[in-house]
Participant: 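Okay, here's the structure, questions in a sec.
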Amino acid sequence: MSRVYWIKGRSKDFRKSITSRVATILGLDEMAEVVVPNRSLAIKVNVSELGYGYSLAPVVVNSFFEQTRDRGASSLVTDSGSLFKGPRFSGQDWTDTAIMQGHGIGDALDNQMMMAGGFTHEEGRFCISEGEHLGGVELGSLILDVTNLIVVSHVTAHPLAGLAGAVHNLGTGLLTRSGKARVHSCLELQFDANRCEGAKVCLAYCPTGALSEAGSKVSFDPRMCNGCLGCFMTCPGGAMSIRPGTIPVFQESVAEAAVVVAKNLRGKAFYVNFLNSITPQSDDYPFSDIPFIPDLGVLASDDPVALDWVTYQMIVRSPGIPGSIAEDLKVLEKGADKLEAITGTTPAHMLEYGEKMMLGRKDCEFLISG
Ligand code: SF4
């Protein structure tokens, strides 16, 4: 049975600084096979969208990099670009945005922060998958070359996965653009012209030409849509929605892609979820509402399914923050499913499918560490 460790969020002195928490995580037993002298180690993080205000602090990323280097690993930091045409779309966009977000591209990370699919976001290889949907998916070349992996996730709600955590990060964040498009291809977007306010911000985000100007509003051609969600996340009137029946297929596709990444990794993977500043929007959004539950600390495990399951349960059991969306939706009390209220879905189906695909198991030993 795998173990999920909880490093609590409270700090009363320097021994519980954010950098010392990274040291606590790296000192866990499971890390002996992940942070190995002279072996390559990819640290997967999320460079958030410009305008999102609660992303994981760059000091956390730098601490993982520096402290794993100090332990002898050949570390690098990686992420992937977006499928929609925002400020992380091209390699240059992604680099500029990472710098704007405060990431130490260049000397601070020894020039070792790079996209998993290369500067074009398309360097990679199609790898066969098991399961009902994908048939296979394009992994970024970087993940095929490295030995070990630490997936560091900033936990938020997610409109499709229910939870942005380890499984979603593993299943989408190390793919090429083509791989991401394959995972998103099951989604069906619906356009409600009555809700279109004519802001037209969606036009700039759409990579396929599925949206076009139509007088004071826009028109939508679903045949050209790749399900990137750029319009869904940016439309101020909420004119774009996702056909609910396609969301479980998306969750299963993410789990299938996560299995492909895990199986094609040469060495071991470990997963760290930061449960701080948990917002209704994921880091992919160009804005962020305030957090809806208090900070809970850090969870860590070598099992992404167990880790996300515990993360989900802790969010449910936490009180909501008055004045946040949790109050709007009347889910302030402990035990209320905030993720379901906010997103209309939960991560349960994705995690159960992940279990079926042998990605991990929800059953776990829960340990409090540090
Ligand atoms: S219409 Fe489709 S392709 Fe265009 S931004 Fe929306 S989801 Fe993406």
Side-chain angles (χ1 to χ4, degrees), residues 46-52 79-94 97 115 117 120-122 133-134 137-138 156-162 164 168 171-173 175-254 257 280-288 342-345 350:
N46 282 114
V47 172
S48 56
E49 193 73 358
L50 277 181
Y52 181 84
D79 185 25
S80 57
S82 66
L83 189 53
F84 53 83
K85 215 169 152 191
R88 296 171 299 138
F89 186 67
S90 71
Q92 191 61 56
D93 296 336
W94 180 86
T97 298
M115 291 169 77
T120 62
H121 197 182
E122 281 294 13
H133 305 296
L134 295 179
V137 72
E138 293 83 351
T156 64
H158 189 278
L160 301 172
H168 182 263
T172 64
L175 310 180
T176 66
R177 180 173 292 126
S178 299
K180 285 192 174 192
R182 193 180 295 277
V183 172
H184 280 242
S185 64
C186 61
L187 294 172
E188 287 180 31
L189 275 286
Q190 300 168 325
F191 176 56
D192 181 350
N194 293 323
R195 301 188 73 164
C196 176
E197 298 173 359
K200 299 183 181 175
V201 63
C202 57
L203 296 175
Y205 276 78
C206 183
T208 65
L211 293 164
S212 53
E213 273 198 275
S216 62
K217 298 197 175 193
V218 301
S219 68
F220 172 54
D221 181 351
R223 294 166 303 177
M224 296 176 72
C225 176
N226 71 1
C228 75
L229 302 184
C231 55
F232 175 81
M233 291 190 284
T234 57
C235 178
M240 301 302 295
S241 60
I242 303 155
R243 193 165 74 74
T246 61
I247 290 176
V249 181
F250 175 84
Q251 294 194 346
E252 292 173 13
S253 299
V254 169
Q281 295 78 23
S282 66
D283 288 43
D284 285 335
Y285 276 73
F287 69 100
S288 39
I342 292 167
T343 67
T345 187
M350 180 175 72

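In this chain, numbering begins with 1 at the start of the sequence shown. From a predicted model like this one, the values you see are computed outputs, not experimental measurements. What you see below is based on every heavy atom in this structure, not just the backbone, and it leaves out hydrogens, waters and symmetry mates. Ligands are counted one by one from 1 in listed order, and the atoms in each one are counted from 1 as well.
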Participant: Under 4.0 Å from a heavy atom of Leu211: give me the atoms of ligand 1 that qualify, with their elements.
Facilitator: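 Listed by number with element, the hits are 1 (S).
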Participant: Once the angle between the rings of Tyr285 and Phe232 is folded into 0 to 90°, is it parallel (under 30°), tilted (30 to 60°) or perpendicular (over 60°)?
Facilitator: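 Perpendicular, since the angle between the ring planes exceeds 60°.
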Participant: Heavy-atom contact under 4.0 Å between Phe220 and ligand 1?
Facilitator: yes
Participant: Just jot down the ligand 1 atoms closer than 4.0 angstrom to any heavy atom of Ala210, in number order.
Facilitator: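 With Ala210 as reference, the close atoms of ligand 1 come out as 1 (S).
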Participant: At less than 2.8 Å, would any N/O/S atom of Cys231, backbone or side chain, sit next to atom 8 (Fe) of ligand 1?
Facilitator: no
Participant: Counting only heavy atoms, tell me which of Gly227, Cys228, Pro222 gets closest to atom 8 (Fe) of ligand 1.
Facilitator: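 Going through Gly227, Cys228, Pro222 one by one, Cys228 has the nearest heavy atom to atom 8 (Fe) of ligand 1.
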Participant: Does Asp93 come within less than 4.0 Å of Lys85, counting only side-chain N to carboxylate O?
Facilitator: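 A salt bridge is absent here (no side-chain N lies under 4.0 Å from a carboxylate O).
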Participant: I need the contact type for Cys225 against ligand 1. Using non-hydrogen atoms and a strict under-4.0 Å cut-off, is it side chain, backbone, both or neither?
Facilitator: both
Participant: Does Leu187 approach ligand 1 within less than 4.0 angstrom via side chain, backbone, both or neither, non-hydrogen atoms only?
Facilitator: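 The answer is neither.
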Participant: Just which atoms of ligand 1 are under 4.0 Å from any heavy atom in Cys206?
Facilitator: 3 (S), 4 (Fe), 5 (S)
Participant: Distance-only, no hydrogens or angles: does the Gln251 side chain make a donor-acceptor pair with backbone N or O of Leu160 under 3.5 Å?
Facilitator: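 It does hold such a pair.
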Participant: Are Gln281 and Ser288 linked by a side-chain donor-acceptor pair shorter than 3.5 Å?
Facilitator: no
Participant: Please report the closest heavy-atom contact between Phe191 and Met240, naming both atoms and the distance.
Facilitator: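 Result for this residue pair: CD1-SD, 3.4 Å.
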Participant: For ligand 1, is any non-hydrogen atom under 4.0 Å from Thr208's backbone (N, CA, C, O), its side chain (CB onward), both, or neither?
Facilitator: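 Near ligand 1, Thr208 shows its side chain, while the N, CA, C and O stay back.
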Participant: Do any of the N, O or S atoms of Cys202 sit under 2.8 Å from atom 4 (Fe) of ligand 1?
Facilitator: no
Participant: Measure the CZ-CG distance between Phe250 and Leu229 for me, rounded to the nearest 0.5 Å.
Facilitator: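 That separation rounds to 7.0 Å.
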Participant: Could you state the interatomic distance from CG (Leu189) to SG (Cys231), rounded to the nearest 0.5 Å?
Facilitator: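 One finds 4.5 Å between CG of Leu189 and SG of Cys231.
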